[in-house]
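Take a look at the structure set out below.
Sequence lines set the chain letters: A, B, ... in the order given, protein chains first and strands last, and positions in each chain run from 1.
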Amino acid sequence: MSLRNFDAGQALERLTLMERIRAFEEAARHAAVEEGLVLGAIHLSIGQEAVAVGLLESLRRDDYITSTHRGHGHTLVKGADPAAMMKELLGREGGCCGGKGGSMHIADFGVGMLGANGVVSANITIAAGAAHGVKLLGGDQVVVCIFGDGAANRGPFLEGINWAGVFDLPILFVCEDNQYSATTRTSDMTSGDVGARAEALGLPVTRIDGNDVEEMAATSREIIARIRAGGEPEFMHALTYRLDGHTYFDPATYRPEGEAERMQVETCPIARQRDLLGAAGVAAERMDEIAKAARDEMRAALEAAKAAPWPADDTVFDDVQDVGSPAVEAF
Amino acid sequence: MVVMSYAEAAKLAVAEAMRDDPRVWCVGEDLGRGGVFKQYAGLREEFGPDRISDAPISEAAIMGAAFGAAMVGTRPIVEMRFADFALCATDELINQVAKARFMFGGQSRAPMVIRKPMGMWRSSAAQHSQSLEAWYAHIPGLVVVCPSTPQDNYSMMKAAIACDDPVVYLEHKNIWALEGEVDTTAPGDFGKARVRRSGRDVTIVSWSDCANLAESAGAVLAERGIAAEVIDLVSLWPWDKRAVIESVRKTGRLIVAHEAVSVGGFGAEVVASVAQDVAMKVRPRRLGAPRSLVAYAPNLEDQLRVTEEMIAQAAEEMMEAKAA
Ligand SMILES: Cc1ncc(C[n+]2csc(CCOP(=O)(O)OP(=O)(O)O)c2C)c(N)n1
Ligand SMILES: [Mg+2]
């Protein structure tokens with residue numbers, strides 16, 4: 001763990017953000033498993049929080065991100081309201097997407113979060129396009145495109161990264177490598193090295209320990225500043241680990257015995273950040289308080305979501321299209 | 001009124017829209033040299049390489065990137081080169097572009113025109129000849145336009161660029177050079193059919209280049225004493241159900257003719273919709289390609305074509321069926 005420019009205040013803020021993500025997802029899992037209130041599949045990023053926090057903390061509100069089916073952490077760090085997110089997971093009125101998208105389509109355009117995506121890899125060309133739009137409009141925003149290690153095996157990976165290189169776009173591609181694609185170990189189905197693919201397409205590649213939030217934050221800040229200053233598109237390969245199953249109901253028994261337990265001890269980014277702060281003299285009680293406040297916040301978000309009504313029936317035909325709207329003619 | 005070709009009409013519409021709105025831009029393979037059908041010829045000289053943008057041979061990225069750029073505030077015109085190649089961007093169009101506004105609860109729009117040159121011309125075989133308009137009409141979220149004349153290629157292109165919904169814009173490759181008068185003040189209306197010929201005996205519904213065949217079939221029928229009403233739908237979603245139903249109420253006879261494969265074609269939709277509303281004098285007919293593949297050799301290719309004579313003959317048979 002790097003102590004380069006270590007700032008305990010900032011490190012505590014990062015711990016706070018990671019605890020908030022963890023607490024959000026634990027509350028969501030509780031709502032799903034214990035209460036049956038989350039209706040569709042949710043994919044938890046427990047164990048991967050340092051990527052979201054370190055990567056996105058230096059973005060401006062008007063910068064853009066595109067995310068994946070495992071996007072609660074990214075969305076929260078970008079600035080979305082956890083109660084609106086929880087309402088979306090429960091399919092309620094007041095959800096980020098009015099209850100029309102659920103976890104896999106969570107989006108908050110007000111904070112530059114251009115959407116999770118239910119189609120693996122699809123967000124890569126879309127993010128390149130958002131950066132293309134920024135360039136055409138003469139803006140100075142940066143786009144961060146986050147995808148999984150499995151996404152590197154679909155065509156949009158090649159097409160989208162080539163596009164960004166060709167048009168010299170203000171974008172950072174981030175492979176959030178949790179080592180699994182659903183129930184398959186990604187390395188079993190991947191030829192060669194993902195970062196090398198991006199290098200072959202001409203992008204500078206940073207390989208990084210995605211469970212070290214301090215390193216993630218410092219490095220991402222530098223890269224984002226370079227891109228904003230007019231630099232070329234870049235690629236980051238962040239190695240992390242999915243401590244939970246693929247979905248909340250996946251027991252993940254396909255993993256080698258003891259792997260998850262060992263990783264919990266060795267790599268959990270929250271435990272590592274607590275160790276770092278402890279070594280810097282921050283009291284454990286203070287950090288426990290942060291964790292408790294996060295749990296309280298997310299329990300309240302869940303209660304707010306549970307209290308929210310279903311979306312009005314007559315919103316079902318809203319926002320399909322203006323011309324030829326199903327509200328006018330659906331048959 | 002100015003006389004121009006189908007290709008020039010669309011180009012004029014694009015150029016005017018680009019002059020009016022700096023957010024409009026075009027992206028696709030080989031656009032810098034005017035596009036494969038010269039439908040962008042000269043535009044790069046006026047608007048520069050950023051707004052008449054070349055693209056790698058990456059259909060998925062052309063569609064996906066245009067969509068991303070639309071979400072942050074630009075208004076892309078996406079050139080797919082051939083409707084057949086647009087299939088390489090199917091996820092991007094169907095799962096992303098068509099659905100984003102709804103899935104995100106109205107937070108985003110995809111104001112895009114997606115140009116897909118379609119249909120048979122000579123000896124282009126099975127991968128360069130398809131008419132897949134029914135697929136797009138089936139997808140909620142999309143507007144579908146199939147213009148058949150220079151006038152409509154001007155007016156509907158203008159309307160499509162101004163539209164905040166994604167518009168699948170299917171131009172027919174066989175008629176790029178077709179000339180006609182264009183009134184540049186005439187607005188394009190989605191869901192408004194054009195009555196290409198009026199008549200009391202039989203209603204013939206068509207779109208795209210087949211509407212031109214239907215119109216000439218109408219002229220042939222007039223010589224044979226049959227007054228056909230020829231309706232060009234122009235757009236398939238929305239489509240002008242009311243105009244068709246009113247016409248069939250008058251004639252009592254309906255033929256739908258299209259170049260696409262009959263089975264599962266949009267003609268079936270038209271016939272079913274009318275049949276639910278109107279008691280016809282004789283059973284309706286649909287004319288389309290057999291459910292087979294477009295061949296290269298002209299004699300084989302011709303066996304797939306719906307012709308002017310086939311349309312005229314179907315109308316005559318219907319008139320005889322009444323007499324019987
Ligand atoms: C195109 C496509 N194929 C398959 C799926 C089903 N699926 C959902 S998530 C997933 C695994 C993705 O792995 P990765 O990209 O590493 O992301 P992670 O789940 O590990 O975050 C799969 C196969 C999908 N959603 N989209
Ligand atoms: Mg993965």
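- For A/A131, no part sits under 4.5 Å from any heavy atom of chain B, backbone or side chain.
- The residue among A/G133, A/A130, A/G98 with the most heavy atom pairs within less than 4.5 Å of chain B is A/A130.
- Comparing A/A107, A/G99, A/G155 by heavy-atom pairs within less than 4.5 Å of chain B, the highest count is held by A/A107.
- Annotation: side chain of A/L56 is in contact with side chain of A/I146 (closest heavy-atom distance under 4.5 Å).
- Side chains of A/C145 and A/F147 form a contact here, defined as non-hydrogen atoms less than 4.5 Å apart.
- Only the side chain of A/L136 comes within contact range of chain B, with at least one heavy atom under 4.5 Å from a heavy atom of that chain.
- Inter-residue side-chain proximity for A/L172 and A/L55 is flagged as met; some heavy-atom pair is nearer than 4.5 Å.
- Side chains of A/V174 and A/V144 form a contact here, defined as non-hydrogen atoms less than 4.5 Å apart.
- Most heavy-atom pairs under 4.5 Å with chain A, from the set B/A110, B/G105, B/A65: that is B/A65.
- Note: B/G141 leads B/A100, B/P238, B/G141 in heavy-atom pairs under 4.5 Å with chain A.
- Contact of B/L142 with chain A is made through the backbone alone, with heavy-atom distances under 4.5 Å.
- Between A/F235 and A/F157, the ring planes lie perpendicular to each other; the angle is over 60°, past the 30° to 60° tilted range.
- Ring-plane geometry between B/F266 and B/W207 is classed as perpendicular, the angle between the planes exceeding 60 degrees on a 0 to 90 degree scale with a lower cut at 30.
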(request) For side-chain contact (heavy atoms from CB on, under 4.5 Å), just list the numbers for B/R19 and B/E46, CA-CA rounded to whole Å, side-chain angles, deciding distance to a tenth of an Å, and then say yes or no. (result) CA-CA 9 Å; B/R19 280 174 211 136; B/E46 178 173 356; 2.7 Å; yes
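- Partners of B/L43 by side-chain contact (heavy atoms from CB on, under 4.5 Å), not counting sequence neighbours, listed by chain and number: B/K11, B/V14, B/A15, B/Y40, B/F47, B/I52.
- With a 4.5 Å cut-off on non-hydrogen atoms, B/V27 touches chain A through its side chain but not through its backbone.
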Any idea which donor-acceptor pairs are under 3.5 Å between chain B and chain A?
unit_1: B/A60; atom_1: N; unit_2: A/E159; atom_2: OE1; d: 3.1
unit_1: B/A61; atom_1: N; unit_2: A/E159; atom_2: OE1; d: 2.7
unit_1: B/A69; atom_1: N; unit_2: A/G129; atom_2: O; d: 3.2
unit_1: B/Q96; atom_1: OE1; unit_2: A/N117; atom_2: ND2; d: 2.7
unit_1: B/Q96; atom_1: NE2; unit_2: A/N117; atom_2: OD1; d: 3.1
unit_1: B/R101; atom_1: NE; unit_2: A/D319; atom_2: OD1; d: 3.1
unit_1: B/R101; atom_1: NH1; unit_2: A/D322; atom_2: OD1; d: 3.2
unit_1: B/R101; atom_1: NH2; unit_2: A/D319; atom_2: OD1; d: 3.2
unit_1: B/R101; atom_1: NH2; unit_2: A/D322; atom_2: OD1; d: 2.9
unit_1: B/F102; atom_1: N; unit_2: A/D319; atom_2: O; d: 3.2
unit_1: B/Q107; atom_1: OE1; unit_2: A/F109; atom_2: N; d: 2.7
unit_1: B/Q107; atom_1: NE2; unit_2: A/C96; atom_2: O; d: 3.1
unit_1: B/Q107; atom_1: NE2; unit_2: A/A107; atom_2: O; d: 3.0
unit_1: B/G141; atom_1: N; unit_2: A/Q321; atom_2: OE1; d: 2.9
unit_1: B/L142; atom_1: O; unit_2: A/Q321; atom_2: NE2; d: 2.9
unit_1: B/D165; atom_1: OD1; unit_2: A/D322; atom_2: N; d: 3.1
unit_1: B/D165; atom_1: OD2; unit_2: A/D322; atom_2: N; d: 2.8
unit_1: B/D165; atom_1: OD2; unit_2: A/V323; atom_2: N; d: 2.7
unit_1: B/W237; atom_1: NE1; unit_2: A/G324; atom_2: O; d: 2.9
unit_1: B/K241; atom_1: NZ; unit_2: A/E329; atom_2: OE2; d: 3.0
unit_1: B/K241; atom_1: NZ; unit_2: A/F331; atom_2: O; d: 2.9

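- Within the 4.5 Å cutoff, the side chain of B/L93 has heavy atoms near those of the B/I114 side chain.
- Put simply, the side chain of B/M157 reaches to within 4.5 Å of the side chain of B/R115, judged on heavy atoms.
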